[in-house]
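Ligands are counted one by one from 1 in listed order, and the atoms in each one are counted from 1 as well.
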Amino acid sequence: EDWRERGAAMSTRQEVDSSGQVQTRLVKKGVKDFNFGRTLGEGSYSTVLAATDRQNLKEYAIKVLDKRHIIKEKKVKYVNIERDTLNRLTEHPGVVRLYYTSQDERSLYFVLDLASGGELLGVLKKMGTFDVECTQFYGAQILDSVAYMHSRGVIHRDLKPENVLLDRSMHTKITDFGTAKILPDPKAHGAGNNITPGSPIDGAEEDRANSFVGTAEYVSPELLNRSNACKASDLWAFGCIIYQLLAGRPPFKAANEYLTFQKILNLEYSFPDGFPAAARDLVERLLVLEPANRLPVDHIMSHEFFDGVQWGKELWRQKPPRLK
Ligand SMILES: Nc1ncnc2c1ncn2[C@@H]1O[C@H](COP(=O)(O)OP(=O)(O)OP(=O)(O)O)[C@@H](O)[C@H]1O
Ligand SMILES: O=C(O)C[C@H](Cc1nc2cc(Cl)cc(Cl)c2[nH]1)c1ccc(Cl)cc1
């Protein structure tokens, strides 16, 4: 049955019922069904541990959050947005998959895909810069994943090499959806309020979640001009990432956030000598102040810079180019 396919989330228990019959019950897995391993990393409100499912020996990443800390730091909204967003994005190889959530009296748990290759940022720092072939491949995987998110009505709002993880075969897995925006579903008119059941939030927290601004170097001008993020905001960040993979540094970087924001609003950046022409043309069509004038996803996919890239399933089956 389908629960076997979703094996990660369910396990069976043998129980004797009132008439003495042995019953096989389907129970949702708890964290006690896992052997916890090494710490993969720490966030401001979370610890991520490698864990092995004792039953099927599969490896996962489990993100553990302390309930008291989440509530004290007023992050309940973010945790529930992360859960709601990940629950909408389960059908793409380029997005970290959430198998299920769990909780006990002290903690919340996200049981996620394990991305054991670390962050793209780490690989880039080790390499210095990527060559065109690697930038094409990793750029294409990130773009394919962003296209999927947008098709599911999700804007990431904090795309950056730090949030692009790598799995064991060095394919990308985008993570960190706590600050994502879920666009109102055009079909479901007035379907209830948008408060997730079981999440005590107040208006101030709601406003904070909406007024979120991403990481300085990748934030789009419209977000700095106090207007809301749109899908094109993720494409601005994508342009910054393509530039950074080839140049080894993001296009807008200054001594402090305020000066970085000024550079963004004045579109103050330049290309290093030798920056490949096709990549330059693509970046120039993405780092555009007016969101509506940025290249849309399908035009990016057919841009000269991505000539030769096989989009769709093939992109996720092929061996990544060796990082040299
Ligand atoms: N699915 C995963 N597989 C492997 N490592 C992961 C996974 N998810 C997160 N990590 C690593 O664990 C660390 C903490 O991630 P987490 O999402 O908890 O916090 P963060 O978003 O990095 O930090 P902050 O909450 O301050 O933004 C990160 O450095 C990340 O590289
Ligand atoms: O079971 C679900 O999926 C819904 C719950 C909702 C939920 N219960 C919470 C309790 C606390 Cl104390 C804090 C938050 Cl953010 C809480 N969010 C939940 C549990 C675990 C996680 Cl990681 C996210 C959301």
**Message:** Between Phe137 and Phe130 (judged by ring centroids, cut-off 6.0 Å), do the two rings come close enough to count as a pair?
**Reply:** no
### More than 12 heavy atoms from other groups under 6.0 Å of NE2 on His69
yes
- Look at atom NZ of Lys313 and say whether more than 12 heavy atoms of other residues, nucleotides or ligands are closer to it than 6.0 Å. no
With nothing but distance in play, are any N or O atoms of [X] less than 3.5 Å from an N or O of ligand 1?
X: Glu42; answer: no
X: Thr175; answer: no
X: Asp113; answer: yes
X: Val48; answer: no
X: Ser116; answer: no

Strictly inside 4.0 angstrom of atom 23 (O) of ligand 1, do you find any protein heavy atom? yes
Tested for salt bridge (Lys or Arg N to Asp or Glu O under 4.0 Å) against Asp113, the lone hit among Lys173, Arg97, Lys58 is Lys173
Please list, in number order, the atoms of ligand 1 under 4.0 Å from a heavy atom of [X].
X: Lys63; result: 16 (P), 17 (O), 18 (O)
X: Ser46; result: 16 (P), 18 (O), 19 (O)
X: Gly41; result: 12 (O), 13 (C), 14 (C)
X: Glu119; result: 28 (C), 29 (O), 30 (C), 31 (O)
X: Asp176; result: 21 (O), 27 (O)

Numbering the atoms of ligand 2 from 1, which are under 4.0 Å from a heavy atom of [X]?
X: Ser102; answer: 20 (C)
X: Gln103; answer: 5 (C), 8 (N), 19 (C)
X: Ile71; answer: 12 (Cl)

Who's the nearest protein heavy-atom neighbour of [atom], and how far?
atom: atom 25 (O) of ligand 1; answer: Ser44 N, 3.6 Å
atom: atom 19 (O) of ligand 1; answer: Gly43 CA, 3.3 Å
atom: atom 3 (N) of ligand 1; answer: Ala115 N, 3.1 Å

Let's go through Met149 and Ile155 carefully: what are the C-alpha distance in whole Å and the side-chain angles of both, what is the deciding distance for side chain to side chain contact (heavy atoms under 4.5 Å, CB included) to 0.1 Å, and is it a yes or a no? CA-CA 7 Å; Met149 283 175 218; Ile155 305 173; over 6 Å; no
Flag the pair Ile81 / Phe177 as yes when at least one side-chain heavy-atom distance between them is below 4.5 Å, and no otherwise.
no
Tell me which one of [options] gets a heavy atom nearest to [atom].
atom: atom 23 (C) of ligand 2; options: Ile70, Val64, Val79; value: Val79
atom: atom 7 (C) of ligand 1; options: Leu65, Asp167, Leu165; value: Leu165
atom: atom 4 (C) of ligand 2; options: Glu82, Arg83, Lys77; value: Arg83

How close do [X] and [Y] get, counting heavy atoms only, and between which atoms?
X: Trp316; Y: His92; result: CZ2-CE1, 3.5 Å
X: Asn228; Y: Leu223; result: C-CD2, 4.3 Å
X: Asp33; Y: Arg13; result: OD1-NH2, 3.8 Å
X: Glu222; Y: Ala232; result: OE2-C, 4.2 Å

Does any N/O atom on [X] come nearer than 3.5 Å to any N/O atom on ligand 2?
X: Lys67; value: no
X: Asn80; value: yes
X: Tyr109; value: no

- prompt: Any donor-acceptor pair under 3.5 Å linking the side chain of His171 with the backbone of Gln318?
  reply: yes
Salt bridge check, Arg152 against Glu91: does any charged N sit closer than 4.0 Å to a carboxylate O? no
| Check ion pair Glu162-Lys160 (N to O, under 4.0 angstrom) | yes
Output a table of donor-acceptor pairs, distance under 3.5 Å, between side-chain atoms of residues 280-287 and any protein atom two or more places apart or on a different chain; print 'none' if there are none.
residue, atom, partner, partner atom, Å
Arg280, NE, Glu284, OE2, 2.9
Asp281, OD1, Arg285, NE, 3.4
Asp281, OD1, Arg285, NH2, 3.4
Asp281, OD2, Arg285, NE, 2.7
Asp281, OD2, His303, NE2, 2.7

So for Ala61 against ligand 1, with non-hydrogen atoms under 4.0 Å, the contacting part is side chain
Rounding to 0.5 Å, atoms CZ (Arg88) and OG (Ser151) come to a distance of 9.5 Å
Within the 4.0 Å heavy-atom cut-off, what Val76 brings close to ligand 2 is both
